[in-house]
Amino acid sequence: MLKLKSCMIFQSLMIKIEKFFSLSKDENVLISKYRTTKVKIYFILQLGYFRATNNFYTFDLKDVADDCKCQLKNVPVIRTKSAITDIGF
């Protein structure tokens, strides 16, 4: 029973995380206007963190590398061959 409950909690968290980092059509248009991958990633992360906590944060992308890599995989507007090297990973 504990495993099932843990799994349900994890699935619930994943749904919420996806919701925080999902982008509207307007947000995708806005992001596509930024030139560098670094700025695009920073915008997406800042928006998602704000949605999750109602706070803005100062952070270095290297400190949130796992979140960056996740967004690189999941957001088509920033998915490029050179994206990972563009942000210094």
Side-chain angles (χ1 to χ4, degrees):
M1 187 67 171
L2 181 60
K3 281 187 176 184
L4 179 59
K5 186 175 181 181
S6 297
C7 184
M8 289 169 47
I9 291 170
F10 179 73
Q11 288 175 344
S12 174
L13 286 173
M14 290 307 295
I15 290 168
K16 288 179 184 177
I17 289 169
E18 287 176 16
K19 181 179 139 187
F20 296 140
F21 291 98
S22 64
L23 299 172
S24 70
K25 188 176 183 178
D26 291 336
E27 291 162 345
N28 272 306
V29 169
L30 179 63
I31 288 171
S32 69
K33 292 180 181 182
Y34 295 133
R35 286 194 279 160
T36 67
T37 303
K38 198 174 206 176
V39 172
K40 292 175 184 181
I41 290 279
Y42 197 88
F43 176 89
I44 293 167
L45 293 178
Q46 195 66 262
L47 181 63
Y49 296 157
F50 178 79
R51 287 175 177 164
T53 66
N54 289 323
N55 289 305
F56 287 105
Y57 298 92
T58 302
F59 54 88
D60 187 291
L61 292 179
K62 290 180 182 178
D63 295 334
V64 291
D66 289 339
D67 290 345
C68 290
K69 290 174 186 174
C70 181
Q71 295 308 311
L72 286 168
K73 290 178 189 174
N74 296 322
V75 181
V77 75
I78 59 172
R79 197 180 309 139
T80 65
K81 290 181 181 179
S82 61
I84 291 177
T85 56
D86 288 349
I87 59 173
F89 298 136

Response to the item:
CG of Asp26 to CD1 of Ile31, rounded to nearest 0.5 Å, is 11.0 Å
Worksheet item: Taking all atoms of both residues into account, what is the closest heavy-atom pair of Leu45 and Cys68, and its distance?
Response: CD1-SG, 3.7 Å
Worksheet item: In Å, rounded to the nearest 0.5 Å, how long is the span from CG of Asn28 to CD1 of Ile44?
Response: 7.5 Å
Practice prompt. Scan residues 41-53 for pairs that pass salt bridge (charged side-chain N to carboxylate O under 4.0 Å, His left out), counting only residues two or more places apart or in two chains.
Written response: Glu27-Arg51
Worksheet entry | Distance, nearest 0.5 Å, that separates CG of Asn55 from CD of Gln46 | 10.0 Å
Worksheet, complete the sentence: Residues at least two apart in sequence or cross-chain that pass side-chain contact (heavy atoms from CB on, under 4.5 Å) with Asp66, listed by chain then number, are none
Item to complete: Output all residues satisfying side-chain contact (heavy atoms from CB on, under 4.5 Å) with Thr58, sequence neighbours left out; order by chain, then residue number.
Response: none
Item to complete: Go through the steps to decide whether Leu23 and Leu30 satisfy the test side chain to side chain contact (heavy atoms under 4.5 Å, CB included), and finish with yes or no.
Response: CA-CA 10 Å; Leu23 299 172; Leu30 179 63; over 6 Å; no
Response to the item:
For Tyr57, the side chain to side chain donor-acceptor pair (under 3.5 Å) test, sequence neighbours excluded, returns Thr53
Worksheet item: At what distance, to the nearest 0.5 angstrom, does OH of Tyr42 lie from CG of Asp60?
Response: 9.0 Å
Worksheet item: Taking only residues two or more places apart in sequence, or in another chain, which ones meet Tyr49 in a ring-ring contact (aromatic ring centres under 6.0 Å, His included)?
Response: Phe21, Phe59
